[in-house]
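What follows is one structure encoded as structure tokens, with my remarks underneath.
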Amino acid sequence: MTDTSLVERVGDRLRETGAMVAVAESSTGGLVCSRLTDVPGSSEYFDRGVVSYSNAAKVEVLGVASATLDEHGAVSEPTAREMAVGVCELAGTAWGVSTTGVAGPGGGTPRTPVGTVYIGVAHSDRDDGDTASVVTADRYEFDGSRGECKHKFTRQALTDLLAAIDERAD
């Protein structure tokens with residue numbers, strides 16, 4: 001599936017289910033939001049995006065617990081989960097998606113090398129997006145330049161969102 005067909009498929013599935021999505025981005029710096037809004041009519045399913053690049057923004061805007069960042073770091077499963085839930089609840093949407101990773105070229109560690117990303121997906125059964133009932137976060141590792149990693153992270157976030165929507169619809 002091409003990137004264009006992927007983002008169109010995400011939009012189609014959100015329209016079909018009557019659901020809205022909000023996005024919390026760190027490592028992708030707004031690229032997921034950009035891709036979602038490349039599709040004409042995206043206002044039917046895209047609510048907002050938050051680029052929470054700093055830890056302070058993750059805490060202040062998305063409600064990520066300082067203890068989570070202290071214990072697990074910004075690039076971690078718990079942080080991705082809390083970011084996805086936070087944006088879902090902030091926006092009152094059915095879906096929340098998050099990205100947090102290391103795009104490089106620096107910043108990697110042996111435990112979290114450059115190219116590592118965590119993608120969080122939250123779903124709320126309530127119309128107001130309050131209290132996400134289903135939350136996942138998965139770790140991926142990609143190779144490439146900073147730009148290539150950001151694009152791969154974005155594609156993975158859209159792929160994970162589509163899979164979650166399809167799973168909920170079944």
Side-chain angles (χ1 to χ4, degrees), residues 6-7 9-11 13-15 17-39 41-103 116-140 149-169:
L6 172 61
V7 75
R9 181 79 176 123
V10 168
R13 293 299 287 138
L14 287 165
R15 272 193 209 95
T17 60
M20 299 289 284
V21 65
V23 181
E25 300 184 66
S26 184
S27 56
T28 48
L31 196 53
V32 176
C33 294
S34 179
R35 293 296 294 136
L36 284 168
T37 59
D38 283 346
V39 178
S42 57
S43 60
E44 295 176 37
Y45 54 82
F46 178 73
D47 180 81
R48 71 186 75 178
V50 173
V51 177
S52 54
Y53 210 70
S54 70
N55 284 352
K58 288 173 182 65
V59 172
E60 294 165 13
V61 179
L62 299 173
V64 173
S66 294
T68 300
L69 294 167
D70 291 343
E71 184 176 342
H72 301 283
V75 182
S76 66
E77 178 183 346
T79 298
R81 291 172 64 88
E82 290 184 30
M83 288 173 65
V85 169
V87 78
C88 188
E89 292 177 357
L90 176 70
T93 56
W95 292 98
V97 179
S98 68
T99 64
T100 184
V102 183
T116 301
V117 67
Y118 288 87
I119 308 293
V121 179
H123 180 264
S124 174
D125 287 326
R126 294 181 50 179
D127 290 337
D128 61 5
D130 192 35
T131 314
S133 58
V134 177
V135 186
T136 62
D138 293 300
R139 176 187 169 121
Y140 302 95
C149 283
K150 287 175 65 174
H151 282 280
K152 290 174 182 179
F153 296 175
T154 297
R155 180 173 176 70
Q156 190 64 58
L158 294 168
T159 299
D160 288 5
L161 173 60
L162 181 58
I165 294 166
D166 285 345
E167 186 176 309
R168 289 294 291 175

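Here the OG-CD distance, from Ser98 to Glu82, works out to 10.0 Å after rounding to the nearest 0.5 Å. Here the CZ-CG distance, from Arg35 to Asp38, works out to 5.0 Å after rounding to the nearest 0.5 Å. Expressed to the nearest 0.5 Å, how far OH of Tyr118 lies from OG of Ser76 amounts to 6.5 Å. With rounding to the nearest 0.5 Å, the separation of SG in Cys88 from CE in Met20 is 12.0 Å. The CG atom of Leu6 sits 6.5 Å away from the CG atom of Leu162 when rounded to the nearest 0.5 Å. Interatomic distance, Leu36 CG to Leu31 CG, rounded to the nearest 0.5 Å: 10.0 Å.
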Between Ile165 and Leu14, is a side-chain contact (heavy atoms from CB on, under 4.5 Å) present by the stated rule, with each step listed? CA-CA 8 Å; Ile165 294 166; Leu14 287 165; 3.5 Å; yes

Do Tyr140 and Thr159 pass the side-chain contact (heavy atoms from CB on, under 4.5 Å) test, and can you show the C-alpha distance, the side-chain angles, and the key distance before you say yes or no? CA-CA 12 Å; Tyr140 302 95; Thr159 299; over 6 Å; no

Criterion side-chain contact (heavy atoms from CB on, under 4.5 Å) on Val134 and Glu167, from CA distance to verdict: CA-CA 11 Å; Val134 177; Glu167 186 176 309; over 6 Å; no

Yes or no on side-chain contact (heavy atoms from CB on, under 4.5 Å) for Thr154 and Val32, after CA distance, side-chain angles and deciding distance? CA-CA 5 Å; Thr154 297; Val32 176; 3.9 Å; yes

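Closest heavy-atom contact between Phe153 and Ser27: CD1-OG, 3.5 Å. Ala91 approaches Arg48 most closely through the heavy-atom pair CB-NE, 3.5 Å. Residue Gly96 comes nearest to Val87 through the heavy atom pair CA-CG1, 3.8 Å, listed as atom of the first residue, atom of the second, then distance. Nearest approach of Ala137 to Glu77, heavy atoms of both residues: CB-CG, 3.6 Å.
For the pair Val61/Ser52, no side-chain contact is recorded, criterion being any heavy-atom separation below 4.5 Å from C-beta on. With contacts defined as side-chain heavy-atom distances shorter than 4.5 Å, the pair Val39/Tyr45 qualifies. Put simply, the side chain of Met83 does not reach to within 4.5 Å of the side chain of Thr68, judged on heavy atoms. Residues Arg168 and Trp95 meet the side-chain proximity criterion, which asks for heavy atoms closer than 4.5 Å.
Although no hydrogens or angles enter the test, the distance criterion places a donor-acceptor pair under 3.5 Å between the side chain of Thr17 and the main chain of Arg13. Between the Glu25 side chain and the Thr99 main chain, no donor and acceptor come within less than 3.5 Å of each other.
Inspection of the Lys58 and Thr79 side chains reveals no N or O donor paired with an N or O acceptor under 3.5 Å.
Checking each of Val75, Thr116, Ile119 against Thr100 for a side-chain contact (heavy atoms from CB on, under 4.5 Å) leaves exactly one that passes, namely Val75.
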